[in-house]
Amino acid sequence: MLGLFGKSKSSIVLGLDISSAAVKILELSYSGDRYCVESYGVTALPQGAVVDKGAYDVVGISDAIRVVVEQSRTKVKNAAAAVAGSSVITKLIDMPEGLSEDDMEMQLTLEADQYIPYPLEEVAIDFEIQGPSPQYDNQVEVLLAACRRETIESRVEAIEGSGLIAKIVDVEAYAMERAFSVLRGQLNLDEGNTVAIVDIGATMTTLSVLSDGLTIYTREQLFGGKQLTDEIMRRYGLPLEEAGLAKKRGGLPADYEPEVLVPFKEAVVQQVARSLQFFFSSSQYNAVDHIVLAGGVASMVGLNELVQDKLGTPTSVANPFAEMSISPRVNTVALANEASAMMIACGLALRSFG
């Protein structure tokens with residue numbers, strides 16, 4: 001078995017999020033009862049290096065990781081990365097309690113072909129005990145996860161090509177769940193609450209619904225900030241890099257806001273509504289208690305208020321660092337600007353602590 005969940009053995013790992021447009025890294029420490037951001041970095045990936053979250057240009061990704069490690073000045077070499085939920089098959093299985101880890105691994109390996117539609121030699125599988133079975137006495141509930149080896153190996157190759165050690169390969173949905181645990185306290189939620197985290201990246205929007213802090217639903221849709229960049233390029237005749245900078249820093253013509261930005265924000269609201277509708281139609285839920293916007297698009301001024309007004313659900317922008325201390329060597333303004341896009345990196349960095 002090639003570990004999907006991995007074990008950090010309490011050593012510090014860098015949270016390394018390789019998305020479709022950027023590489024983000026984060027190093028956390030823990031002292032007293034508080035996390036501290038020790039270092040972080042973000043750098044753009046070469047265009048086309050990652051398509052739909054599958055690593056393709058391994059050399060380009062390795063080079064970007066090297067740049068972002070230098071930028072952050074971290075000395076940590078062990079890294080935790082993640083694969084997209086859509087590339088992982090998960091299944092909850094009841095097994096007898098008291099089995100050793102080796103016996104459980106052997107039994108799962110024998111039974112895995114019932115649950116996995118690929119030849120077993122092509123997949124990496126791992127498991128994690130979730131706790132006592134809710135259905136059967138003297139049994140435990142085990143989460144089995146399987147992912148095609150090529151998906152994991154391309155990630156590992158890119159990481160190790162940069163000089164880091166790929167210690168853990170996780171699943172993005174579980175990293176998001178772990179990151180949510182540090183911002184739950186900011187939301188003043190009741191017990192048994194249901195929260196929708198909508199992570200809007202460059203090309204992909206991922207909805208994760210959590211009930212009482214545990215993931216109950218995830219879904220990915222092709223939609224992201226690149227659509228705004230593409231429209232800026234088309235309308236104003238700018239090359240990609242200039243369009244991306246103008247989107248962040250401003251300086252576009254007066255018609256940009258009413259003609260381009262406002263329609264894009266409305267498209268985001270529609271996307272959030274559509275994602276939630278898919279969830280409601282496939283579950284017993286017909287509402288969520290809170291929406292958290294994450295990803296680079298989430299930090300757009302006024303977007304959370306727009307979503308809240310149109311959908312009638314309290315909405316906030318993710319900031320996993322709001323209650324953390326920040327090392328003096330970290331640029332706090334830059335970190336605050338990137339906070340909503342750092343949720344997966346944060347969830348991965350939290351693997352350092354169990």
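Model, not experiment: these values are computed from the prediction.
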For a 4.5 angstrom cut-off between non-hydrogen side-chain atoms, does [X] reach [Y]?
{"X": "Glu172", "Y": "Val88", "value": "no"}
{"X": "Val330", "Y": "Phe321", "value": "no"}
{"X": "Leu26", "Y": "Asp17", "value": "no"}
{"X": "Leu222", "Y": "Met204", "value": "yes"}
{"X": "Leu164", "Y": "Asn78", "value": "no"}
{"X": "Leu110", "Y": "Gln107", "value": "no"}
{"X": "Leu16", "Y": "Leu348", "value": "no"}
{"X": "Val171", "Y": "Thr90", "value": "no"}

Do [X] and [Y] land in one hydrophobic cluster if side-chain heavy atoms of ILVMFWY residues count as linked below 4.5 Å?
{"X": "Val268", "Y": "Phe278", "answer": "yes"}
{"X": "Phe280", "Y": "Ile216", "answer": "yes"}
{"X": "Leu189", "Y": "Leu207", "answer": "no"}
{"X": "Val317", "Y": "Val42", "answer": "no"}
{"X": "Met300", "Y": "Val198", "answer": "yes"}

Name all residues meeting the side chain to side chain contact (heavy atoms under 4.5 Å, CB included) criterion together with [X]; count only those two or more places apart in sequence or in a different chain, and write none if there are none.
{"X": "Asp230", "result": "Lys226, Met233"}
{"X": "Gln186", "result": "Leu183, Ala322, Glu323"}
{"X": "Ser283", "result": "Phe279, Tyr285"}
{"X": "Asp255", "result": "Arg235, Tyr236, Pro253, Glu259"}

Would you check if the side chain of [X] reaches a backbone N or O of [Y] as a donor-acceptor pair within less than 3.5 Å?
{"X": "Arg66", "Y": "Gly161", "value": "yes"}
{"X": "Asp289", "Y": "Val195", "value": "no"}
{"X": "Ser352", "Y": "Val13", "value": "yes"}

Value rounded to 0.5 Å, distance of [atom1] in [X] from [atom2] in [Y]:
{"X": "Glu160", "Y": "Ile65", "atom1": "CD", "atom2": "CD1", "answer": "10.0 Å"}
{"X": "Leu108", "Y": "Leu99", "atom1": "CG", "atom2": "CG", "answer": "9.0 Å"}
{"X": "Leu240", "Y": "Ile232", "atom1": "CG", "atom2": "CD1", "answer": "10.5 Å"}
{"X": "Cys346", "Y": "Arg351", "atom1": "SG", "atom2": "CZ", "answer": "13.5 Å"}

Next on the checklist: Filter on side-chain hydrogen bond (donor to acceptor under 3.5 Å, both in side chains), then keep only pairs touching residues 260-280, sequence neighbours left out; what's left?
Outcome noted: Gln221-Ser275, Gln271-Arg274

Checklist outcome for this item: Residue pairs meeting side-chain hydrogen bond (donor to acceptor under 3.5 Å, both in side chains), one or both in residues 27-47, sequence neighbours left out, come to Glu27-Ser39, Glu27-Thr74, Ser29-Glu38

What pairs of donor and acceptor atoms, side-chain ones from residues 332-345 against any protein atom, are under 3.5 angstrom apart with sequence neighbours left out?
residue	atom	partner	partner atom	Å
Asn337	ND2	Val333	O	3.4
Ser340	OG	Gly295	O	2.8

Checklist entry - Could you go step by step and tell me if Arg149 and Glu122 meet the salt bridge (charged side-chain N to carboxylate O under 4.0 Å, His left out) rule? => result CA-CA 6 Å; Arg149 281 184 183 275; Glu122 291 179 15; over 6 Å; no

For [X] and [Y], which heavy atoms make the closest approach, and how far apart are they?
{"X": "Ile25", "Y": "Ser72", "value": "CD1-OG, 3.4 Å"}
{"X": "Ile61", "Y": "Ala158", "value": "CG2-CB, 3.7 Å"}
{"X": "Gly60", "Y": "Leu45", "value": "O-CD2, 4.4 Å"}
{"X": "Pro117", "Y": "Ile89", "value": "CD-CD1, 3.3 Å"}
{"X": "Ala81", "Y": "Ile159", "value": "CB-CD1, 3.6 Å"}

Next on the checklist: Applying side-chain hydrogen bond (donor to acceptor under 3.5 Å, both in side chains), can you list everything that pairs with Asp103, at least two apart in sequence or on another chain?
Outcome noted: Ser100

Checklist entry - Partners of Thr315 by side-chain hydrogen bond (donor to acceptor under 3.5 Å, both in side chains), sequence neighbours excluded? => result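 Result, side-chain hydrogen bond (donor to acceptor under 3.5 Å, both in side chains) vs Thr315: none returned.
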
Checklist entry - Above 12 or not: heavy atoms from other molecules or residues under 6.0 Å from CD of Glu97? => result yes

Next on the checklist: Other residues, nucleotides and ligands only: do more than 12 of their heavy atoms fall within 6.0 Å of CD on Glu241?
Outcome noted: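 No - once you tally the heavy atoms of other residues, nucleotides and ligands closer than 6.0 Å, there are 12 at most.
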
Next on the checklist: Walk me through whether Val297 and Thr205 qualify under side-chain contact (heavy atoms from CB on, under 4.5 Å).
Outcome noted: CA-CA 10 Å; Val297 171; Thr205 294; over 6 Å; no

Checklist entry - Does any pair with a residue in residues 254-277 pass ring pair (Phe, Tyr, Trp, His ring centres under 6.0 Å), and if so which ones, sequence neighbours excluded? => result Phe223-Phe264

Next on the checklist: What I want to check is whether the side chains of Ser87 and Thr151 have a donor and an acceptor closer together than 3.5 Å.
Outcome noted: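 Per modelled atom types, Ser87 and Thr151 side chains form no pair under 3.5 Å.
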
Checklist entry - Between Asp170 and Arg155, does a salt bridge (charged side-chain N to carboxylate O under 4.0 Å, His left out) hold up when you go through it step by step? => result CA-CA 11 Å; Asp170 206 332; Arg155 281 276 192 280; over 6 Å; no

Item to check | Derivation of the side-chain contact (heavy atoms from CB on, under 4.5 Å) call for Phe353 and Leu28 | outcome: CA-CA 9 Å; Phe353 312 104; Leu28 297 176; 4.0 Å; yes

Item to check | Qualifying residues under salt bridge (Lys or Arg N to Asp or Glu O under 4.0 Å), relative to Arg219, sequence neighbours excluded | outcome: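 Arg219 satisfies salt bridge (Lys or Arg N to Asp or Glu O under 4.0 Å) with no other residue.
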
Next on the checklist: Just to verify, what does Arg73 make a salt bridge (Lys or Arg N to Asp or Glu O under 4.0 Å) with, not counting sequence neighbours?
Outcome noted: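 Arg73 satisfies salt bridge (Lys or Arg N to Asp or Glu O under 4.0 Å) with no other residue.
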
Checklist entry - Can Met104 and Ile129 be said to form a side-chain contact (heavy atoms from CB on, under 4.5 Å), step by step? => result CA-CA 10 Å; Met104 200 170 273; Ile129 297 168; 3.9 Å; yes

Checklist outcome for this item: Only residue of Val140, Leu92, Ile93, Val142 satisfying side-chain contact (heavy atoms from CB on, under 4.5 Å) with Gln130 is Leu92

Checklist entry - Do Tyr217 and Leu210 pass the side-chain contact (heavy atoms from CB on, under 4.5 Å) test, and can you show the C-alpha distance, the side-chain angles, and the key distance before you say yes or no? => result CA-CA 7 Å; Tyr217 178 89; Leu210 292 87; over 6 Å; no

